[in-house]
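Order of the sequence lines fixes the chain letters, A, B, ..., with proteins taken first and strands second; residue numbering starts at 1 for each chain. Everything quoted here is computed from the prediction, not taken from an experiment.
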Number of protein chains: 2
Amino acid sequence: MQSEPAPREGTLARPTLADVAARAGVSASTASLAFSGSGPVSDATKERVLAAAAELGYAGPDPRARSLRRGRSGIVGVVLEERVRAAFLDPVKIQMLDGITEGIAPLGAGLLLLTDTGEAGGNAVGIESAPVDAVVLVGCSPRLGDAVEVLRRRGIPAVAIEGAAGEGVPQISIDNREATRRGAEYLRELGHTDVALVTLPFDADRTRGPLTPELIAASTADTASERLAGARLVFPDANGRAAAASSIEEGREAGLALLADPATRPSAIIAQSDLLAAGVINAAEELGIAVPAELSVLGFDGIRVDGLQHDLTTLAQPSVAKGRAAGEAVVQLLAGEPGESVCFTSTLHVGDTTAPHPARAAR
Amino acid sequence: MQSEPAPREGTLARPTLADVAARAGVSASTASLAFSGSGPVSDATKERVLAAAAELGYAGPDPRARSLRRGRSGIVGVVLEERVRAAFLDPVKIQMLDGITEGIAPLGAGLLLLTDTGEAGGNAVGIESAPVDAVVLVGCSPRLGDAVEVLRRRGIPAVAIEGAAGEGVPQISIDNREATRRGAEYLRELGHTDVALVTLPFDADRTRGPLTPELIAASTADTASERLAGARLVFPDANGRAAAASSIEEGREAGLALLADPATRPSAIIAQSDLLAAGVINAAEELGIAVPAELSVLGFDGIRVDGLQHDLTTLAQPSVAKGRAAGEAVVQLLAGEPGESVCFTSTLHVGDTTAPHPARAAR
DNA sequence: ATTCTAGGCCGAATCGATTCGAGGGGGCCG
DNA sequence: CGGCCCCCTCGAATCGATTCGGCCTAGAAT
């Protein structure tokens, strides 16, 4: 008769490392060593521990306890600026995720998808309470500043893709301003002078509407601002509309607004993403405006847009490489090194959505 | 002079809840109550704790410690059968992820991407050591059985999308066999008798090659087997090739192998995914075979394939709904209820990649 | 004025594993 | 044959927060 209330076999409670150790006749510390592999444990002992574990149906150390003790969870967070489902619909985001996965592969870490859509209510896992070892901030999020501050306080290293994030946060970016300038230049060479813009959102509210100086001045989104600045280097007076997101539908709405009135209709539109550009083209088609004969459209990203019948003229950016660079920076940060910032270069891809200015071509 | 080696302000060590409690002049337990909100704490005390936290730059309870104590991490794992990057390229997977996100939204949980590609070496976070509360097994993974066994031992509830996973594991599926049968029937009505198949992988090795009886007998992938069975209900002797993955490139390779020899060329090919179908069409075009005039191609999934100029005839499945149902089942399981299994129905979408059998049409 | 009640707060145990320093035993070398 | 060293194992502290039962005090009821 044993005084100890021995847990019945097959009880609901899951066995712990201590149970396994007891069964194998060793101490908990030895059992731990046997599992983690590191440390001097005789083969005989290790085998005995493993056998005991098998008998008890022990599935290995609890990751929660392990991560508490070790201080690392083996998880890298990816913060998307919008609902996860929206990111899945954006080819650029997917390519970046792809690249990130590749970049952090040496860590063997899992990828936790997060959004920074406001404070997560209740027990929701948000950026301020996720068990992650590091974080990649994806996209030109207006909330970038807040996110970085939260992470800094939590002592979690971060890498930002697009958008200056501050000291100690490696930045992976592209030549937004210069690339857009080159694209705009190309339009000017084609004879266009009356150019309108469709931009990405400027602020956390994702205000949709005309490009007012106030809106631009209050911008918290570097990407939108930089691409705008690049366009205005060539067309200082270019105006247009801000979209509430990078999507075909938003592009279509903006396009309809810009093209509806024949009197004020531009001969070319610079969209800040391919999806927006596709939407603009859709709008033009709805209005019976021929692309590129009557309207030239320039995109940004260099993705293939589903369902679009055109070969979009666009500024192609190396999305996958950006993600990979971000992943590699995470690896560096976790190794205690300073993460490396990188700025990639976009290239102008000339497709069939741009053509010489109608008047000029008619001559 | 105080004997206690008081941690200097601004030291590298991050403050803990105990530090905050000390500073606020309350016990750790009270501080915890103040943060979690649950429990009787006077407003004055709560404020004092929050103020102390702010002064110390305390960013909230450590999620690792919290999850150890609470026994829940607030993370739901999604197990993809292949490299994460491969899943990102598969539109069906993305739609399912989208649906899952929607389904588990009420939990406020994060989504951790995992793969079951063998044992994760070293300290990698794999299915056997991820801090997740529940798991969704996505895709017709040949390793499904192993994965379920590991999870069962760890006591982690699971939901399987495609593939019988065993007792206690809700299953979200579609009518693979019946749908394929209907598609095959449609081809027969068009006059096709000589039909070849391009299937998804059958086993964990993702063996690529001819559809041998051995391969089929050793199948561990329900989806491939069921769709195959459905096709053979109509064309009992139909043969073909197994692809190593659902991708355009794999489809192209299989297509080339099946179509290379004019003597044995089938008049129709049933592909088990749209991506494979797109690859088959590419192969046909390379060989100068006209689709659908000389070759009919039937797909499965109902996605839009990027770059494909055809409107694929296919069996459209409700991918998003499948994901959502899986997410809802997870919510049920975590609430202690039995998760609900669901079987969705696919619909035949007739596009322009199928046509009457050439000989018959010529008559 | 005394007792009862209830809201607030605290102490201590607990979650499960890891890690460091110490101790013990066996083998090898002198 | 004795001493030393190395390899293996153990005990105990620790990671940081949560939670349960108990205690104390202020206010209310009689």
Side-chain angles (χ1 to χ4, degrees), chain A residues 7 12-49 52-53 56 58-74 123 125 128-131 133 153-156, chain B residues 7 12-49 52-53 56 58-74 123 125 128-131 133 153-156:
Chain A
L12 282 174
R14 215 141 291 289
T16 72
L17 185 57
D19 298 333
V20 173
R23 172 136 190 155
V26 300
S27 74
S29 39
T30 301
S32 174
L33 272 322
F35 267 97
S36 65
S38 62
V41 180
S42 71
D43 290 342
T45 307
K46 184 181 292 186
E47 246 173 71
R48 206 141 38 87
V49 172
L56 261 44
Y58 179 70
D62 184 322
R64 290 179 289 254
R66 171 199 290 249
S67 73
L68 169 59
R69 182 61 236 235
R70 297 238 257 227
R72 281 208 177 178
S73 63
N123 53 349
V125 169
E128 70 286 339
S129 68
D133 295 338
R153 275 162 58 141
R154 289 188 61 200
I156 295 177
Chain B
L12 283 174
R14 216 140 288 289
T16 73
L17 184 56
D19 299 333
V20 174
R23 172 138 193 153
V26 300
S27 74
S29 39
T30 303
S32 174
L33 273 320
F35 267 98
S36 67
S38 62
V41 181
S42 71
D43 289 342
T45 306
K46 184 180 294 187
E47 246 173 71
R48 206 142 36 86
V49 172
L56 262 43
Y58 179 70
D62 184 322
R64 291 179 287 254
R66 172 198 290 247
S67 73
L68 169 59
R69 183 64 236 237
R70 297 239 257 226
R72 280 207 179 179
S73 63
N123 53 349
V125 169
E128 70 286 340
S129 68
D133 295 338
R153 279 172 41 157
R154 290 188 60 198
I156 296 176

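Atom CZ of residue B/Arg72 and atom CZ of residue B/Arg66 lie 13.5 Å apart, to the nearest 0.5 angstrom. The structure places CG of A/Asp62 at 7.5 Å from CZ of B/Arg154, a figure rounded to the nearest 0.5 Å.
Considering only side-chain N and O atoms, B/Ser42 lies under 4.0 angstrom from the phosphate OP1 or OP2 of C/dC9.
Considering only residues two or more places apart in sequence or on other chains, B/Ser32 meets the side chain to side chain contact (heavy atoms under 4.5 Å, CB included) condition with B/Leu17. Residues forming a side-chain hydrogen bond (donor to acceptor under 3.5 Å, both in side chains) with A/Ser36 (at least two apart in sequence, or on another chain): A/Ser38. In this structure B/Ala130 satisfies the side chain to side chain contact (heavy atoms under 4.5 Å, CB included) test together with B/Leu112, B/Leu114, B/Val125, B/Val132, sequence neighbours excluded. The side chain to side chain contact (heavy atoms under 4.5 Å, CB included) test applied to A/Ala53 returns A/Val20, A/Phe35, A/Tyr58, not counting sequence neighbours. Legend: residues meeting side-chain hydrogen bond (donor to acceptor under 3.5 Å, both in side chains) with A/Thr16, ordered by chain and number and at least two apart, are absent. Judged as a salt bridge (charged side-chain N to carboxylate O under 4.0 Å, His left out), and not counting sequence neighbours, A/Asp133 has no contacts. Residues passing the side chain to side chain contact (heavy atoms under 4.5 Å, CB included) test with B/Arg69, sequence neighbours excluded: none. Remark: B/Ser67 pairs with no residue by the side-chain hydrogen bond (donor to acceptor under 3.5 Å, both in side chains) rule, at least two apart or across chains.
For A/Arg72 and D/dT14, the CZ to P distance is 23 Å, given to the nearest whole Å. When rounded to the nearest whole Å, the span between CZ of B/Arg48 and P of C/dG8 equals 14 Å.
Axis angle between the ends of the helix from C/dA1-D/dT30 to C/dG30-D/dC1, five pairs each and rounded to 10 degrees, works out to 40°.
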Protein heavy-atom contacts under 4.0 Å, written 5' to 3' over nucleotides 16-27 of chain D as B (base), S (sugar-phosphate only) or - (none), form the string BBBB--------
Check nucleotides 5-7 of chain D against the protein and report each pair of N or O atoms closer than 3.5 Å, with its distance, or say if there are none.
none

